[in-house]
Amino acid sequence: MELAQQVAVITGGARGIGRAIALELARRGAWVVVNYASSRGEAEQVVAEIKARGGEAVGHQADVASLKEACGLVEAALALFGTVDILVNNAGIARDNLLLRMKEEEWDQVLQVNLKGVFNCTKASLRPMLKQRRGRIINISSVIGLAGNVAQANYAAAKAGIIGFTKAVAKEVAPRGITVNAVAPGFIATDMTASLPAEIQEEYRRRIPLGRSGTAADVARVVAFLASPAADYITGEVIRVDGGLAI
Ligand code: NAP
């Protein structure tokens, strides 16, 4: 129970990678705020699953693209649990298109949720972390932010932006005992990748040296490590969880 009595806010915690992170942090003793935008039922299921195992969790609806709603999310955590120790910026969307065909709103939506959402939730969480001189911020980037990808200029820009943001804020808040790190997953089996055409999914799997797609739990364990005391001396780092895809 290395995260006992730590309060963790997980954006997009109702489904996919976020859900696995919520369950993993709760398993290690954290009290969890499960943020969702539209998946209320799934969020309630995650909360119920955590409580059934003797943990503490609550769901909270907020669109991370709105600073006001991001502040509301953190305020809800403060009101219920008194602080925020761990923030996992996981919420993300994809709106893939070749650049020539990419609509302005496809660019804007992805940047708003995937990058501005990270700014919003981090800004909202910093005050309690600065006050207690302790905190862990873990941002979910992507190997696409490291290597780029056809038809994902918006997504790659946002995910590369997260890496720059992670390093800048890591330097800024390190003197106050807060670490900021990023995790860059590769090809992980979730709703996001299930929506890709079968031949593209197969092509990804073929390119992965470890020979399989990743699971949400593969990513969640690394997030839990970064949130744990074992990672006390790690900040501004980007850890790939991709089975070797981006080697
Ligand atoms: P997913 O299954 O599609 O889940 C996306 C999550 O983001 C959902 O929980 C969704 O919540 C939430 N979300 C979307 N827009 C939101 C908003 N405006 N405000 C709050 N929450 C919002 O995707 P996933 O595969 O688990 O991806 C999770 C993260 O990992 C994303 O940042 C993604 O870019 C990143 N990632 C995924 C892969 C992969 O292969 N799957 C690889 C690299 C990186 P609602 O359902 O409530 O809308």
Side-chain angles (χ1 to χ4, degrees), residues 10-21 35-43 61-73 87-124 138-169 182-205 207-208 213-214 216 219 238 240-242 245-246:
I10 295 136
T11 69
R15 294 194 292 118
I17 293 172
R19 176 181 184 278
I21 293 168
N35 158 253
Y36 61 94
S38 56
S39 300
R40 177 189 295 269
E42 287 91 336
Q61 197 275 333
D63 174 358
V64 297
S66 152
L67 179 58
K68 191 161 165 265
E69 293 189 28
C71 289
L73 170 64
L87 168 69
V88 184
N89 282 308
N90 163 79
I93 58 170
R95 298 284 182 271
D96 298 353
N97 218 338
L98 294 172
L99 188 62
L100 270 180
R101 292 187 196 146
M102 189 175 287
K103 298 187 188 77
E104 190 181 358
E105 56 264 32
E106 289 171 333
W107 173 270
D108 287 345
Q109 281 170 5
V110 169
L111 270 289
Q112 279 288 335
V113 175
N114 294 13
L115 187 54
K116 177 122 186 289
V118 174
F119 163 81
N120 288 342
C121 296
T122 303
K123 197 168 160 62
I138 299 150
N139 300 323
I140 307 301
S141 176
S142 167
V143 291
I144 305 299
L146 296 167
N149 200 22
V150 173
Q152 291 199 300
N154 49 0
Y155 188 83
K159 294 299 187 182
I162 287 177
I163 292 172
F165 177 89
T166 297
K167 294 182 180 187
V169 181
V183 173
F187 185 75
I188 311 298
T190 66
D191 294 344
M192 187 178 272
T193 46
S195 64
L196 293 169
E199 62 274 17
I200 294 189
Q201 293 190 40
E202 200 37 56
E203 169 66 13
Y204 266 115
R205 274 190 280 274
R207 283 170 43 205
I208 297 170
S213 50
V219 181
V238 184
R240 285 190 294 110
V241 183
D242 68 347
L245 178 64

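Index from 1, following the sequence.
- Nearest heavy atom pair, residue Ala14 against residue Ser39, reads CB-O, 3.7 Å.
- A donor-acceptor contact shorter than 3.5 Å links the side chain of Thr11 to the backbone of Ala91.
- Cys121 and Ala70 make their closest contact through SG-CB, 3.9 Å (heavy atoms, listed as atom of the first residue, atom of the second, distance).
- The minimum heavy-atom distance between Cys71 and Ala124, with the atom names listed, is CA-CB, 3.9 Å.
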Between side-chain atoms of residues 185-203 and protein atoms elsewhere (two or more places apart, or another chain), which donor-acceptor pairs fall under 3.5 Å?
unit_1, atom_1, unit_2, atom_2, d
Thr190, OG1, Met192, N, 3.2
Asp191, OD2, Arg15, NH1, 2.7
Thr193, OG1, Ile188, O, 2.6
Thr193, OG1, Thr190, N, 3.1
Thr193, OG1, Thr190, O, 3.1
Ser195, OG, Met192, O, 2.8
Gln201, NE2, Thr193, O, 3.3
Gln201, NE2, Ala194, O, 3.3
Gln201, NE2, Leu196, O, 3.0
Glu203, OE1, Arg206, NE, 3.2
Glu203, OE1, Arg206, NH2, 2.9
Glu203, OE2, Arg206, NH2, 3.0

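- Partners of Ser213 according to the side-chain hydrogen bond (donor to acceptor under 3.5 Å, both in side chains) rule, which considers only residues two or more places apart in sequence or in another chain, do not exist here.
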List the atom pairs, donor and acceptor, that lie under 3.5 Å between side-chain atoms in residues 104-111 and the rest of the protein, sequence neighbours left out.
unit_1, atom_1, unit_2, atom_2, d
Glu106, OE1, Asn97, ND2, 3.1
Glu106, OE1, Lys103, N, 2.9
Gln109, OE1, Arg95, NE, 2.9

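- The side-chain heavy atoms of Ile208 and Asp242, taken from C-beta on, include no pair separated by under 4.5 Å.
- The two residues Leu146 and Ala184 make their nearest non-hydrogen contact at CD1-CB, 4.2 Å.
- The closest donor-acceptor contact from the side chain of Lys159 to the backbone of Ile140 lies under 3.5 Å.
- Other residues, nucleotides and ligands place more than 12 heavy atoms under 6.0 Å from the CZ atom of Arg207.
- Residues Ile138 and Ile21 are not in side-chain contact: their nearest non-hydrogen atoms beyond the backbone lie 4.5 Å or more apart.
- Thr166 meets the side-chain hydrogen bond (donor to acceptor under 3.5 Å, both in side chains) test with Asn139; sequence neighbours excluded.
- To the nearest 0.5 angstrom, Ser142 atom OG is 9.0 Å from Ile162 atom CD1.
- With sequence neighbours left out, Asp96 forms a side-chain hydrogen bond (donor to acceptor under 3.5 Å, both in side chains) with Gln152.
- Considering CG of Asn149 and CD1 of Ile144, their distance stands at 4.0 Å, rounded to 0.5 Å.
- Panel note: side chain Asn35, backbone Gly13; no donor-acceptor pair is recorded below 3.5 Å.
- Scanning for side-chain hydrogen bond (donor to acceptor under 3.5 Å, both in side chains) contacts around Asn120 gives an empty result, with sequence neighbours left out.
- A donor-acceptor pair is defined here as one N or O able to donate and one able to accept, closer than 3.5 Å; no such pair exists between the side chain of Glu69 and the backbone of Val64.
- Rounded to the nearest 0.5 angstrom, Ser141 OG and Leu115 CG are separated by 10.0 Å.
- Within 6.0 Å of NZ in Lys116 there are more than 12 heavy atoms belonging to other residues, nucleotides or ligands.
- The minimum heavy-atom distance linking Gly117 with Asn89 is given by the pair O-OD1, 4.2 Å.
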